[in-house]
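Down below is the structure, laid out as structure tokens.
For this chain, numbers begin at 1 and follow the sequence in order.
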Amino acid sequence: QVQLVESGGGLVQAGGSLRLSCAASGRTFSSYAMGWFRQAPGKEREFVAAINWGGGLTYYADSVKGRFAISRDNAKKTVYLQMNSLKPEDTAVYYCAAKVESISYRDDASYNYWGRGTQVTVSS
């Protein structure tokens with residue numbers, strides 16, 4: 001079992017930055033691949049970024065590539081999402097998720113555990 005708690009969301013002006021954190025409980029955090037997803041009002045949840053268990057492989061949605069960076073600290077059982085050059089269209093609830101299998105990183109249905117989300121609002 002893994003429990004995930006996101007933090008770091010908030011209100012920021014366009015062009016600004018935020019760093020989201022996702023703290024995990026459980027002894028096997030380092031064996032899970034981790035992902036960030038987001039859901040804007042009236043839209044489906046979408047993939048943002050993912051990282052494999054060791055941190056050596058990362059994946060990004062085209063819409064955030066070059067602006068966002070995912071990283072993890074297995075000793076702290078935490079995964080991060082550094083978000084730079086934020087745009088109003090990045091406004092959403094951001095969710096952290098964990099998965100056992102190191103495949104299908106972009107598929108939210110393949111993730112086993114989810115956090116409750118943190119709100120990110122980018123004003124124009």
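The disulfide (SG to SG under 2.5 Å) analysis of residues 39-94, with sequence neighbours excluded, yields no pairs. Judged as a salt bridge (Lys or Arg N to Asp or Glu O under 4.0 Å), the pairs with a partner in residues 51-75 (not counting sequence neighbours) are, in order, Asp62-Lys65, Arg67-Asp90. Residue pairs meeting the side chain to side chain donor-acceptor pair (under 3.5 Å) criterion with at least one partner in residues 113-122, sequence neighbours excluded, are Gln119-Thr121. Pairs of residues two or more places apart, or lying in two chains, that qualify as side chain to side chain donor-acceptor pair (under 3.5 Å) and include a residue from residues 40-58 are Arg38-Glu46, Arg45-Asp108. Residue pairs meeting the side chain to side chain donor-acceptor pair (under 3.5 Å) criterion with at least one member in residues 13-23, sequence neighbours excluded: Ser17-Asn84.
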What donor-acceptor contacts under 3.5 angstrom involve side-chain atoms of residues 95-103, with partners at least two apart or in another chain?
from	atom 1	to	atom 2	distance (Å)
Lys99	NZ	Glu101	O	2.7
Lys99	NZ	Ile103	O	2.5
Lys99	NZ	Ser110	OG	3.4

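Put simply, OH on Tyr105 and CE on Met34 are 12.0 Å apart, with the number rounded to the nearest 0.5 Å. Here the CG atom belonging to Leu4 is positioned 9.5 Å from the OH atom belonging to Tyr32, to the nearest 0.5 angstrom.
Put simply, the residue from Val12, Val120, Leu86, Val122 that forms a side chain to side chain contact (heavy atoms under 4.5 Å, CB included) with Thr91 is Val122.
Checked against side-chain contact (heavy atoms from CB on, under 4.5 Å), Ala23 has the following partners two or more places apart in sequence or in another chain: Thr78. Residues meeting the side-chain contact (heavy atoms from CB on, under 4.5 Å) test with Ser71, sequence neighbours left out: Tyr80. Evaluation of the side chain to side chain donor-acceptor pair (under 3.5 Å) rule for Ser25 yields no partner, not counting sequence neighbours. For Lys87, the salt bridge (Lys or Arg N to Asp or Glu O under 4.0 Å) criterion is met by no residue, not counting sequence neighbours. For Phe47, the ring pair (Phe, Tyr, Trp, His ring centres under 6.0 Å) criterion is met by Phe37, not counting sequence neighbours. Phe68 meets the ring pair (Phe, Tyr, Trp, His ring centres under 6.0 Å) test with no other residue; sequence neighbours excluded.
No donor-acceptor pair under 3.5 Å is formed between the side chain of Arg106 and the backbone N or O of Val48.
Following chains of ILVMFWY side-chain contacts shorter than 4.5 Å, one can reach Val2 starting from Tyr94, so the two form part of one hydrophobic cluster.
Contact detail for Gly35 and Tyr111: the closest heavy-atom pair is N-CE2, 3.7 Å.
In this structure the side chain of Leu20 reaches within 4.5 angstrom of the side chain of Met83, judged on heavy atoms. Counting heavy atoms from C-beta outward, Ile51 and Trp36 have side chains that stay 4.5 Å or more apart.
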